[in-house]
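We name chains A, B, ... by the order of the sequence lines, and we start the count at 1 in each one. Atoms considered below: every heavy atom in the structure, side chains included; atoms not considered: hydrogens, waters and symmetry mates.
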Amino acid sequence: MLDGVPDPTPHPGASIAALLVPWFAGAARPLPWRAADVSPWAVLVSEFMLQQTQVARVLPRWQEWIERWPRPAELAAAPPSEAVRAWDRLGYPRRALWLHEAATEIVERHGGVVPDDLDALLALKGIGPYTARAIAAFAYGARVPVVDTNTRRVLARAIEGRAEAGPPRVVHELAAMEAQLPVDAGSARIFNAAAMELGATVCTARSPRCEACPLAGSCAWRAAGYPEYEGPRAPRQARFAGSDREMRGMVMRELRGAHGPVARAELDALGADPERLERALDSLAADGLAVREAGGYRLP
DNA sequence: GAGCCGTGGAA
DNA sequence: TTTCCAAGGCT
């Protein structure tokens, strides 16, 4: 642009942190794990629960968990079965087992303190690239890019002008977020949270509320006239009704509700196809979520 | 690296 | 009703 000549057009690809950080101050939902006095452990628990699970469903379970197990050592001292029960119906119950295992590893290898180092976090069970970065950034204030499904969509739209992010390109997306990240660590932390918040509440997958978006004036997707997504799509998930996943869920509900072993006859009484039940029990046993014993099946 | 892993809300 | 999607990670 020429000196002194204001650019009247939108700015595709323009820096978005300067817009998102102030927006977040007024628009952020008051989520309890964002409070200033929340421990890194409490942040870690929230991140496990939030994997593929909506905020509204996590809120009550998170409150219970941190009151009951306020530090890693307390969860590690409890039997895994209690973690699985307290997980209730959050889904993907392996996460409860992994969280219990991570707590044990934190006690044994890190003196009961959640590590602040990316590699140490990645070495913990159930912690992958997203969660490790989220804990480093949100619990410890590290200046690292955090990229989740919301951030991927925001970057794809605002910067690349595409409707959807498409298949993950981890290296590219981390670099893109890094390029937008404010130099100051405190602002970087807010920006990471703000990008996720925008994707969750405004720049949503289905019906984006562009009229309420702080990036509307500089959004590349909007400037291009909202072109439809052309790239490859993820394969559709298998139908849930009648699936092994559904069967696993039914079995886990029975095991959580019982306080001793559940007899095989009670599981048969669920009325499922015997082969389907057998596959579910085998896979649950392989995952460590169900233990076979003489009286039937129980939680670990 | 593709397939798999729960549950519930919204369109 | 069906389908999509949700603060991913493991094998």
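With hydrogens and angles ignored, a donor-acceptor pair closer than 3.5 Å exists between the side chain of A:R57 and the base of B:dT7.
Within the 4.0 angstrom heavy-atom criterion, only backbone atoms of the sugar-phosphate kind lie near A:G128; the bases stay farther away. Among the protein residues, A:A134 comes within range of no part of the nucleic acid, since none of its heavy atoms lies under 4.0 Å from any strand. Within 4.0 Å (heavy atoms only), A:L284 reaches no atom of the nucleic acid at all. Among the atoms of the strands shown, base atoms are found under 4.0 Å from some heavy atom of A:W33. As judged by a 4.0 angstrom heavy-atom cut-off over every strand, A:I127 is placed among residues touching the sugar-phosphate backbone only. Residue A:T149 is classed as a sugar-phosphate contact, given heavy-atom separations below 4.0 Å to backbone atoms only. Looking at heavy-atom distances under 4.0 Å, A:R34 makes contact with a base.
Going from the C1' atom of B:dG3 to that of C:dA7 covers 22 Å, rounded to whole Å. Taking atom C1' on both nucleotides, B:dT7 is separated from C:dT11 by 22 Å, rounded to a whole Å.
Looking only at distances, no side-chain donor or acceptor of A:W62 sits under 3.5 Å from a matching main-chain atom of A:I66.
Between A:E173 and A:R133 there is no salt bridge, since none of the side-chain N atoms of the basic residue sits less than 4.0 Å from a carboxylate O of the acidic one.
No donor-acceptor contact under 3.5 angstrom links the side chains of A:Y226 and A:R157, judged on distance only.
Note on A:S207: every side-chain N or O is 4.0 Å or more away from OP1 and OP2 of B:dA11.
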